[in-house]
Amino acid sequence: VNGKGLLLTTEACLLNSNRNPLLTREQIENRLQEMLGVDKVLWLNDGIVGDDTDGHIDDITRFVSADTVVTAVEDDPYDENHAPLKENTERLRTMTDEEGRSLNVVELPMPPAVVYEDQRLPASYANFYIANSLVLVPTFRDDSRDARAIDVLQSLFSTREVIGLDCTDLVWGLGAFHCLTQQVPAR
């Protein structure tokens, strides 16, 4: 959410029959509006390859301010993430905030593929964690792309220190920093 009434999600996740088989898109939007106090739901299509959550938004696109999103892009047209991320970026460029103004869309590179036991893992720089005075960014042992991602995020978080930490081993658990900060069941 952007804190001003917008919520980002993916069709692949919330419209998946394994999550909300009895709800229509409109019903899901209504529930999100009621439960989270948002005014408008912005729908992207799909997540990245290897994401076991059916396309959670925190691996692809994040609000960094009320009117700005950072979104993952894959430049290699032969990479299987290229087409879905391109479609998401194109959708974002047509979306507006709650007052009808275009969103500021900032592109964030994808890291190289991280594969473990023949499974592509959901490695993404978008799975960063925003803390009070810093932003923790997952990195994946590619100096050039890691540095580019950190630079993009540092330009968006000028009052925080952006720190990259190697998450190559962590992503074997199918997530990175933002995933680690999410709900933990009592048992």
Side-chain angles (χ1 to χ4, degrees), residues 1-2 6-21 23-26 28-29 32 40-64 67-97 102-128 137-153 155-156 164 167-168 170-179:
V1 296
N2 74 341
L6 295 181
L7 178 139
L8 275 167
T9 191
T10 65
E11 294 166 347
C13 183
L14 291 188
L15 298 180
N16 192 317
S17 62
N18 69 354
R19 290 183 183 269
N20 298 298
L23 298 177
T24 66
R25 179 186 184 123
E26 183 179 351
I28 292 169
E29 283 188 13
L32 291 169
K40 187 174 183 181
V41 178
L42 306 176
W43 293 89
L44 297 183
N45 182 32
D46 206 352
I48 58 174
V49 176
D51 180 1
D52 66 324
T53 64
D54 305 314
H56 272 190
I57 199 71
D58 64 348
D59 270 338
I60 55 174
T61 304
R62 306 273 304 278
F63 279 107
V64 295
D67 66 348
T68 302
V69 293
V70 61
T71 192
V73 295
E74 175 54 63
D75 292 333
D76 180 358
Y78 299 105
D79 187 289
E80 53 195 329
N81 281 319
H82 177 78
L85 294 178
K86 182 178 179 184
E87 179 182 340
N88 287 339
T89 302
E90 290 170 356
R91 283 189 186 195
L92 284 166
R93 294 198 188 285
T94 67
M95 293 177 178
T96 59
D97 67 12
S102 296
L103 296 175
N104 179 25
V105 179
V106 178
E107 295 183 357
L108 186 67
M110 280 292 288
V114 177
V115 178
Y116 178 70
E117 294 183 351
D118 297 324
Q119 177 184 349
R120 183 159 182 177
L121 303 176
S124 172
Y125 299 120
N127 205 265
F128 55 85
V137 181
T139 60
F140 301 97
R141 301 179 187 161
D142 184 297
D143 293 342
S144 174
R145 286 193 237 187
D146 292 350
R148 234 172 71 215
I150 290 168
D151 287 346
V152 167
L153 292 171
S155 73
L156 297 169
C167 284
T168 307
L170 181 62
V171 80
W172 291 353
L174 304 178
F177 297 126
H178 191 262
C179 293

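Quick caveat: nothing in here was measured; it's all calculated off a predicted structure. Side-chain atoms are counted along with the backbone in the values below, which use heavy atoms only and exclude waters and symmetry mates.
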Looking at [atom1] of [X] and [atom2] of [Y], how far apart are the two atoms once the value is rounded to the nearest 0.5 Å?
| X | Y | atom1 | atom2 | value |
| --- | --- | --- | --- | --- |
| T61 | L92 | OG1 | CG | 5.0 Å |
| L42 | E29 | CG | CD | 9.0 Å |
| R93 | N104 | CZ | CG | 9.0 Å |
| L103 | L8 | CG | CG | 7.5 Å |
| N18 | C13 | CG | SG | 8.0 Å |
| L44 | M95 | CG | CE | 5.0 Å |

Okay, side chain of [X], backbone of [Y]: is any donor-acceptor separation there less than 3.5 Å?
| X | Y | answer |
| --- | --- | --- |
| D146 | R141 | yes |
| N88 | D46 | yes |
| N20 | L14 | yes |

> Is there side-chain contact between N81 and R120, with at least one heavy-atom pair below 4.5 Å?
Replying inline: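 Side chain of N81 against side chain of R120, heavy atoms only: contact under 4.5 Å found.
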
>> Check D75 with R148, please: is the shortest side-chain N to carboxylate O separation under 4.0 Å?
In response: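 Result for this pair is yes, salt bridge flagged.
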
>> Check E107 with K86, please: is the shortest side-chain N to carboxylate O separation under 4.0 Å?
In response: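 A salt bridge is absent here (no side-chain N lies under 4.0 Å from a carboxylate O).
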
Specify the closest pair of heavy atoms between [X] and [Y], including all atoms of both residues, with the distance to one decimal.
| X | Y | value |
| --- | --- | --- |
| K40 | D97 | NZ-O, 3.4 Å |
| P84 | G47 | CB-O, 4.3 Å |
| F140 | T168 | CA-OG1, 3.5 Å |
| T139 | Y125 | CA-CE2, 4.1 Å |
| L153 | V137 | CD1-CG2, 3.5 Å |
| L156 | V64 | CD1-CG2, 4.1 Å |

>> If we count only N and O atoms by modelled type, under 3.5 Å, do the side chains of N127 and D59 hold a donor and an acceptor together?
In response: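 There is such a pair (donor and acceptor under 3.5 Å, judged by atom type) between the side chains of N127 and D59.
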
>> Could you walk me through whether I48 and M110 satisfy the side chain to side chain contact (heavy atoms under 4.5 Å, CB included) test, starting with their C-alpha distance in whole Å, then the side-chain angles of each, then the deciding distance to 0.1 Å, before giving a yes or no?
In response: CA-CA 10 Å; I48 58 174; M110 280 292 288; 3.9 Å; yes

>> Let's go through I57 and L7 carefully: what are the C-alpha distance in whole Å and the side-chain angles of both, what is the deciding distance for side chain to side chain contact (heavy atoms under 4.5 Å, CB included) to 0.1 Å, and is it a yes or a no?
In response: CA-CA 10 Å; I57 199 71; L7 178 139; over 6 Å; no

>> Please determine whether side chain to side chain contact (heavy atoms under 4.5 Å, CB included) holds for the pair T9 and W43, giving the CA-CA distance in whole Å, both sets of side-chain angles, and the decisive distance to 0.1 Å.
In response: CA-CA 5 Å; T9 191; W43 293 89; 3.6 Å; yes

>> Apply side chain to side chain contact (heavy atoms under 4.5 Å, CB included) to residues N2 and D67 and explain how you reach the verdict.
In response: CA-CA 8 Å; N2 74 341; D67 66 348; over 6 Å; no

